Amino acid sequence: NGTWFGQEYDEHAVFQIQNDTISYVEHLDKYKFVLSKDTFEILTKNIQPKQLIVRLTKDSLVFKGLRSGEILKYWKSK
């Protein structure tokens, strides 16, 4: 749970996680998600993006896109 930012000292949040729902702040979109071992999957009607969890700590999260290989880093607000 919490608010996550795309840069460590960014003023604008990218998304919020509350229980089993991820909310994207900029677009006000909300989706259910599933955690499975080392993957994070957002459940949408059109696509179901799946990402490998590379690192998860109390204040940082690093994903790797399974299809794209892109690395995405996020920091949790304190």
Side-chain angles (χ1 to χ4, degrees):
N1 288 334
T3 302
W4 295 84
F5 296 82
Q7 296 180 18
E8 194 167 3
Y9 299 105
D10 198 353
E11 294 180 9
H12 305 286
V14 175
F15 59 87
Q16 295 177 323
I17 293 178
Q18 186 66 34
N19 300 322
D20 65 347
T21 302
I22 184 169
S23 304
Y24 287 93
V25 176
E26 186 174 305
H27 304 290
L28 303 175
D29 296 331
K30 292 183 179 186
Y31 302 102
K32 297 289 185 188
F33 68 87
V34 176
L35 290 175
S36 173
K37 294 186 182 181
D38 61 351
T39 58
F40 177 85
E41 184 174 8
I42 298 173
L43 306 175
T44 69
K45 292 181 181 179
N46 299 326
I47 59 171
Q48 295 185 340
K50 190 181 272 190
Q51 306 201 22
L52 180 67
I53 299 170
V54 176
R55 185 177 73 209
L56 175 61
T57 67
K58 66 179 184 171
D59 60 359
S60 68
L61 174 59
V62 179
F63 288 126
K64 180 178 181 180
L66 289 179
R67 291 185 181 154
S68 67
E70 181 181 10
I71 299 292
L72 303 168
K73 298 179 182 180
Y74 299 100
W75 286 266
K76 189 174 180 181
S77 66
K78 297 180 182 187

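Quantities reported herein were computed from a predicted structural model and do not represent experimental measurements.
Cluster membership check: Ile42 does not share its hydrophobic cluster with Val25, using side-chain heavy-atom separations under 4.5 Å among Ile, Leu, Val, Met, Phe, Trp and Tyr. When hydrophobic clusters are built by joining Ile, Leu, Val, Met, Phe, Trp and Tyr residues whose side-chain heavy atoms come closer than 4.5 Å, directly or via intermediates, Leu52 is not grouped with Leu61. One hydrophobic cluster holds both Leu72 and Ile22 under the rule that ILVMFWY side chains link at heavy-atom gaps under 4.5 Å. Hydrophobic clustering (side-chain heavy atoms under 4.5 Å, transitive across Ile, Leu, Val, Met, Phe, Trp, Tyr) keeps Val54 apart from Leu66. Neither Ile71 nor Val14 shares a network with the other; the hydrophobic side chains, linked directly or stepwise wherever heavy atoms of I, L, V, M, F, W or Y lie under 4.5 Å apart, form separate groups for each.
Under the 30°/60° scheme for interplanar angles, the aromatic rings of Trp4 and Phe15 are found to lie parallel.
The NZ atom of Lys73 lies 7.0 Å from the CZ atom of Arg55; values are rounded to the nearest 0.5 Å. Once rounded to the nearest 0.5 Å, the distance linking CG of Asp38 with CD1 of Ile53 reads 7.0 Å. Tyr74 contributes atom OH, which lies 13.5 Å from atom CG of Leu56 (distance to the nearest 0.5 angstrom). Atoms CZ and CD1, from Phe40 and Ile17 in turn, are 5.0 Å apart once rounded to the nearest 0.5 Å. With values rounded to the nearest 0.5 angstrom, Thr57 atom OG1 is found 10.0 Å from Trp75 atom CH2. Between the CZ atom of Phe33 and the CG atom of Leu43 there is a distance of 9.5 Å, given to the nearest 0.5 Å.
With hydrogens and angles ignored, the 3.5 Å screen pairs no side-chain donor or acceptor of Lys50 with any backbone N or O of Arg67. Between the side chain of Ser36 and the backbone N or O of Thr39 there is no donor-acceptor pair closer than 3.5 Å. Between the side chain of Asp59 and the main chain of Lys76, no donor-acceptor pair closer than 3.5 Å is present.
Minimum heavy-atom separation, Lys30 to Ser23: CG-OG, 3.3 Å.
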